[in-house]
Amino acid sequence: MPDGTRPLRLGRTAPRRRAVAPTSEAGWIDPFSRREIKRLVAEFGAPLLIVDCERVRRQYRLLRRALPRVDLHYALKPMPHPAVVNTILELGGWLDLATAGEVELVSRLGADPARCIHTHPIKRDVDIQAALARGVKVFVADNPDEVQKFQAYADQAELLLRVSFRSPGAVCDLSRKFGCDPEDLLQLARLAKRLGVPVRGLSFHVGSQAKDPGKHVEAIEACAALIAEARREKLGSFDTLDIGGGFPIDYGERAPQIQRFCAPIRAALATLPRRIRVIAEPGRFIVGPAAIGVASVMGRAKREGHWWYYLDDGLYGSYSGQLYDHARYPVEALVPDGERLPSVLAGPTCDSIDVIAENLMLPELKAGDLIVGRAMGAYTWASASEFNFFPKATVVSVNSVRGDTGTVMSIER
Ligand SMILES: *Cc1c(COP(=O)(O)O)cnc(C)c1O
């Protein structure tokens with residue numbers, strides 16, 4: 001995770017428009033079709049991460065429909081890319097920021113700071129100041145030291161107190177590292193009141209890629225009780241509940257449909273007093289299915305009877321999520337089908353851990369052939385490195401507007 005304190009330079013080239021009509025009737029192209037993938041690689045080279053803004057819109061709307069009356073703050077962390085941020089802003093969405101670098105990025109894009117919250121529970125004074133200077137005023141805190149840091153900014157900042165609900169069922173349990181015990185919450189709220197720091201409400205994050213909605217429901221019920229108690233004690237306005245992220249997507253394994261996943265969450269939210277504004281911080285759900293990775297074969301070798309294919313992207317690049325995020329991306333070869341042989345897909349670096357998949361049944365490939373990884377929008381490019389000087393995949397966004405057949409924005413940190 002970059003610390004996000006270095007300045008960020010953003011350049012932008014105008015969307016390229018083609019003279020020929022795009023493929024779909026509505027004016028959007030499908031950049032995940034074979035033809036468009038090949039066209040994009042011919043134009044921009046490999047490896048690519050192709051982000052489809054139209055799929056970002058689709059995901060956002062799906063979650064809006066599954067959680068009506070919940071304001072969705074897109075969490076930048078899984079894919080901090082301007083094309084995604086712009087798409088969310090154009091939809092009237094909100095943003096969830098965690099570092100000074102993310103604050104910087106969205107302010108350069110003209111985001112209204114009133115639509116942003118800063119949710120990193122542990123911040124340096126410079127991080128708080130950088131966010132305040134950009135107009136972001138809602139922060140998360142989960143312990144007395146952190147609340148104390150806001151005494152100096154009591155007239156400018158407001159807090160959400162993050163509560164921890166352990167979630168051993170989630171693929172990534174985020175309540176181990178952050179959040180205060182529910183039993184300690186009122187004490188923390190009393191401290192904030194003593195210091196004059198306004199508390200707007202509570203937040204939680206049950207963990208990413210949740211298996212079922214049980215933890216969300218349990219957390220909503222516990223928070224409702226804590227909010228009622230805090231209001232009785234007049235500890236602050238407590239008019240906001242932030243239900244975090246965790247909404248799951250399909251990888252090799254299918255996730256529950258989002259409408260069905262959210263049904264018990266809707267039911268739990270319906271029991272809250274109407275004055276409570278509910279917000280969420282979805283990251284993965286918005287962007288995961290909206291991007292694919294495209295790598296090309298650099299070379300091959302037959303080892304112990306099996307083909308090894310060496311790609312220009314791997315575990316130190318876009319496939320880093322297979323390590324950090326415990327994800328497995330469905331991969332396929334973009335070649336005519338032939339006899340399938342057990343094969344190994346390896347990344348480009350000289351490290352032996354850099355293997356994407358073994359025992360994969362693939363037609364025989366040759367240098368230049370393309371390998372496509374699906375559901376690669378979240379926690380992939382964001383956590384990629386340039387180990388061994390293999391550059392990260394170029395991010396091409398498509399469908400930012402009708403007729404946008406592929407745009408590369410330079411993001412220099
Ligand atoms: C990572 C993170 C998110 C996004 O979570 P998803 O499971 O990707 O939706 C939201 N909020 C916070 C505080 C996070 O750290």
Side-chain angles (χ1 to χ4, degrees), residues 30-52 79 250-253 288-396 398 406 408:
D30 181 4
F32 295 0
S33 69
R34 254 163 204 267
R35 202 184 86 184
E36 292 299 324
I37 292 170
K38 290 196 165 152
R39 180 185 62 78
L40 288 166
V41 170
E43 183 164 357
F44 298 102
L48 290 182
L49 196 88
I50 303 175
V51 177
D52 180 7
M79 185 57 183
D250 292 345
Y251 288 101
E253 225 174 286
I292 56 174
V294 185
S296 76
V297 176
M298 305 196 309
R300 63 180 190 177
K302 205 164 223 174
R303 307 201 191 278
E304 292 174 356
H306 292 161
W307 277 117
W308 281 64
Y309 300 109
Y310 298 83
L311 310 182
D312 49 16
D313 202 353
L315 287 203
Y316 287 93
S318 306
Y319 287 83
S320 58
Q322 293 200 170
L323 285 176
Y324 298 130
D325 191 39
H326 318 291
R328 270 280 165 172
Y329 310 106
V331 288
E332 61 187 304
L334 218 62
V335 294
D337 214 4
E339 189 198 352
R340 290 180 172 244
L341 308 163
S343 314
V344 180
L345 291 182
T349 70
C350 299
D351 188 345
S352 61
I353 194 189
D354 191 3
V355 172
I356 296 169
E358 293 187 60
N359 275 318
L360 208 61
M361 298 301 288
L362 292 176
E364 192 175 317
L365 306 178
K366 55 186 189 327
D369 283 344
L370 300 179
I371 297 288
V372 176
R374 304 271 163 188
M376 287 190 67
Y379 307 108
T380 53
W381 178 81
S383 54
S385 74
E386 302 208 329
F387 178 54
N388 234 185
F389 286 169
F390 283 102
K392 287 171 70 158
T394 302
V395 180
V396 185
V398 178
V408 174

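Reckoned from all heavy atoms, side chains included, excluding hydrogens, waters and symmetry mates.
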Is any side-chain heavy atom of [X] closer than 4.5 Å to a side-chain heavy atom of [Y]?
X	Y	answer
Q322	L315	yes
S383	D325	no
V344	R303	no
M79	L49	yes
M361	P342	yes

Which residues pass the side-chain hydrogen bond (donor to acceptor under 3.5 Å, both in side chains) test with Y329, sequence neighbours left out?
->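 Checked Y329 against side-chain hydrogen bond (donor to acceptor under 3.5 Å, both in side chains); zero matches.
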
Roughly how far, to the nearest 0.5 Å, is the [atom2] atom of [Y] from the [atom1] atom of [X]?
X	Y	atom1	atom2	result
W307	L345	CH2	CG	13.5 Å
Y316	K392	OH	NZ	15.5 Å
D30	R35	CG	CZ	10.5 Å
L370	R34	CG	CZ	10.0 Å
S318	I292	OG	CD1	11.5 Å
C350	F387	SG	CZ	7.5 Å

Report the residue from L365, I356, V294 that forms a side chain to side chain contact (heavy atoms under 4.5 Å, CB included) with L311.
->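 When L365, I356, V294 are each tested with L311, the side chain to side chain contact (heavy atoms under 4.5 Å, CB included) holds only for I356.
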
With Y319 as reference, evaluate D354, V331, V355 under the side chain to side chain contact (heavy atoms under 4.5 Å, CB included) test and give the passing residue.
->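 With Y319 as partner, side chain to side chain contact (heavy atoms under 4.5 Å, CB included) holds for just one option, V331.
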
Contact summary for [X] and [Y], nearest pair of heavy atoms:
X	Y	value
V398	G406	CG2-CA, 4.0 Å
A291	G377	CB-CA, 3.5 Å
L341	S343	O-OG, 2.7 Å

Only counting residues at least two apart or in another chain, list the ones meeting ring pair (Phe, Tyr, Trp, His ring centres under 6.0 Å) with F390.
->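 Applying ring pair (Phe, Tyr, Trp, His ring centres under 6.0 Å) to F390 gives none.
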
Look at the side chain of N388 and the backbone N and O of P348, then say whether any donor-acceptor pair between them is shorter than 3.5 Å.
->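 No, the answer is negative, given that no donor and acceptor are paired below the 3.5 Å cut-off.
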
What pairs meet the side-chain hydrogen bond (donor to acceptor under 3.5 Å, both in side chains) rule with one or both residues in residues 363-377, with sequence neighbours excluded?
->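 Listed once each, the pairs are R300-E364, E332-R374, K366-D369.
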
